[in-house]
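As structure tokens, the structure follows; a few thoughts come after it.
The structure presented is a predicted model; accordingly, all values stated were derived computationally and were not measured. Values reported hereafter were calculated over all heavy atoms of this structure, with side chains retained and with hydrogens, waters and symmetry mates removed. Remember, it's 1-based here, ligands and their atoms both numbered in the order they're listed.
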Amino acid sequence: MIEVKPILNLRGAEVSYGSRMVVRGVDLSLSPGEIYALLGPNGAGKSTLVQAICGRLKLTGGKVSLDDKDPWSTPSCRRLLGLVPQEIALYDHMTVRENLEVFGRLSGVKGPALQAAVSTAMGLTRVVDREHVPIRHLSGGYQRRVNIAAAILHQPRLLILDEPTVGVDLDAREAVDAVIRDLRDTGVAVLIVTHDLEQADGLADRVGFLREGKKVMEGPPRTLIKEAFGEDMEILVQLSEEAGVDDEALMLSAGLQRRGRTQLWSMLDAGGYATAGRIDSLLRQAGLAPREIRVREPSLQNLFSLVADWRRAA
Ligand SMILES: Nc1ncnc2c1ncn2[C@@H]1O[C@H](COP(=O)(O)OP(=O)(O)OP(=O)(O)O)[C@@H](O)[C@H]1O
Ligand SMILES: [Mg+2]
């Protein structure tokens, strides 16, 4: 295999706000053609790290380099990256093409190259059929994709997306994911910050968990899940009615745990379908009819809970 040189490198990166260190010694490297999802609870330091990578914030310790250059002290290397903001940052009344022409000029693309860049970006983000439609008349999914198009006009080699699909419906998210994969396939390195673990699972070549400013786990999602849970399967039980106190005790004694405030319970067990069958009869004997019992491979959600539990244990 040919070694691909990383486009992004962080070594022992630290950021403090006053006396408070919120990014604490993070190493991270990202190569062309790779999608990396940065995960972690609120306040973990994800956006701060992104700001430092973009050269908008100075590291208080360690190193960040974009193609071997420091984005803080050598601003010209910031041309290598494109940042997709969380909010739609487009001119509402202007068409898709008009918007992209404005953003292209802002990122230094001019003359005949501009028209070509706009067409390429529209093609990659699959918005060509809305070229002459004002942004305000577009669906959320199209707006998200134009938002990405605006960030790739200068052909960045690293694309960073901070929460690109918050509040977006499933169809729109899948369309955005498809665009991100296409960009990856053209050799762009993609760093995506997301709370959406299902999205990260389906999209990322590698994920990294940030917790209290430190990277606590990193790797390909399926590998991490396999390492953490081995042969265990996740068993999900959906109750059709509110569990009473006795029912709750029964669920807990069977090894099930409630997911949030819902009537969805889950457990990890190597017994898989056999365990699911045993739980089904146990619940029925107690007069608790489950609406649904599912058996599936553990997910990033399970891993995330595990990492969050470490915090409580620490
Ligand atoms: N400008 C600032 N000045 C002081 N503290 C800040 C500043 N920006 C962020 N923080 C603090 O730094 C910590 C990390 O914040 P950051 O926004 O990087 O987290 P995050 O992982 O992006 O969270 P979220 O998932 O909520 O977006 C938080 O405790 C936050 O309150
Ligand atoms: Mg954030």
Notebook entry, point to check: Looking at residues at least two apart in the chain, or sitting in another chain, which of them share a salt bridge (Lys or Arg N to Asp or Glu O under 4.0 Å) with Asp232?
Noted result: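 Checked Asp232 against salt bridge (Lys or Arg N to Asp or Glu O under 4.0 Å); zero matches.
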
Margin query: Is Arg20 close enough to touch ligand 1? Criterion: a residue heavy atom under 4.0 Å from a ligand atom.
Written below: yes

Among all protein heavy atoms, pick the one closest to [atom] and tell me residue, atom and distance.
atom                    : result
atom 19 (O) of ligand 1 : Gly45 N, 3.2 Å
atom 25 (O) of ligand 1 : Lys46 NZ, 2.7 Å
atom 10 (N) of ligand 1 : Tyr17 CE1, 3.3 Å
atom 23 (O) of ligand 1 : Gly43 N, 2.8 Å
atom 17 (O) of ligand 1 : Ser47 CB, 3.8 Å
atom 12 (O) of ligand 1 : Val22 CG1, 3.3 Å
atom 26 (O) of ligand 1 : Asn42 ND2, 2.8 Å
atom 15 (O) of ligand 1 : Thr48 OG1, 3.8 Å

Notebook entry, point to check: Any Lys/Arg nitrogen of Arg184 or Glu34 sitting under 4.0 Å from an Asp/Glu carboxylate oxygen of the other?
Noted result: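 Glu34 and Arg184: not salt-bridged.
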
Notebook entry, point to check: Pick from Leu153, Leu158, Ile152: which one makes a side-chain contact (heavy atoms from CB on, under 4.5 Å) with Pro156?
Noted result: Ile152

Notebook entry, point to check: Do other residues, nucleotides or ligands put more than 12 heavy atoms under 6.0 Å from Gln155 CD?
Noted result: no

Check: Is Glu248 atom CD crowded by more than 12 heavy atoms from other residues, nucleotides or ligands, each under 6.0 Å away?
Finding: yes

Side-chain polar contacts of residues 112-130 - donor-acceptor pairs under 3.5 angstrom, sequence neighbours left out - could you list them?
from, atom 1, to, atom 2, distance (Å)
Gln115, OE1, Arg97, NH1, 2.6
Gln115, NE2, Glu101, OE2, 3.4
Ser119, OG, Arg97, NH2, 3.1
Ser119, OG, Gln115, O, 3.1
Thr120, OG1, Ala116, O, 2.8
Thr125, OG1, Ala121, O, 2.7
Arg126, NH2, Asp182, OD2, 2.7
Asp129, OD1, Tyr142, OH, 3.2
Asp129, OD2, Tyr142, OH, 2.8

Margin query: Polar contacts were defined as any N/O atom of the residue lying under 3.5 Å from an N/O atom of the ligand; does this apply to Ala44 and ligand 1?
Written below: yes

Notebook entry, point to check: Around the Mg ion (ligand 2), what protein N, O or S atoms are found below 2.8 Å?
Noted result: Ser47 OG

Would you list the atom pairs, donor with acceptor, under 3.5 Å between side chains in residues 269-292 and any protein atom, with sequence neighbours excluded?
from, atom 1, to, atom 2, distance (Å)
Asp269, OD1, Gly271, N, 2.6
Asp269, OD1, Thr275, OG1, 2.8
Asp280, OD1, Arg284, NE, 2.9
Asp280, OD1, Arg284, NH2, 3.3
Asp280, OD2, Arg284, NE, 3.2
Ser281, OG, Gly277, O, 3.0
Ser281, OG, Arg278, O, 3.3
Glu292, OE2, Arg294, NE, 3.4

Check: Would a hydrophobic clustering, with Ile, Leu, Val, Met, Phe, Trp and Tyr connected at side-chain separations under 4.5 Å, put Val64 with Leu49?
Finding: yes

Note to self: Testing the 3.5 Å rule here: is there a donor-acceptor pair between the side chains of Gln199 and Thr165?
What the structure shows: yes

Check: Looking at Ser16 and Thr60, what are the two nearest heavy atoms and their distance?
Finding: N-OG1, 3.0 Å

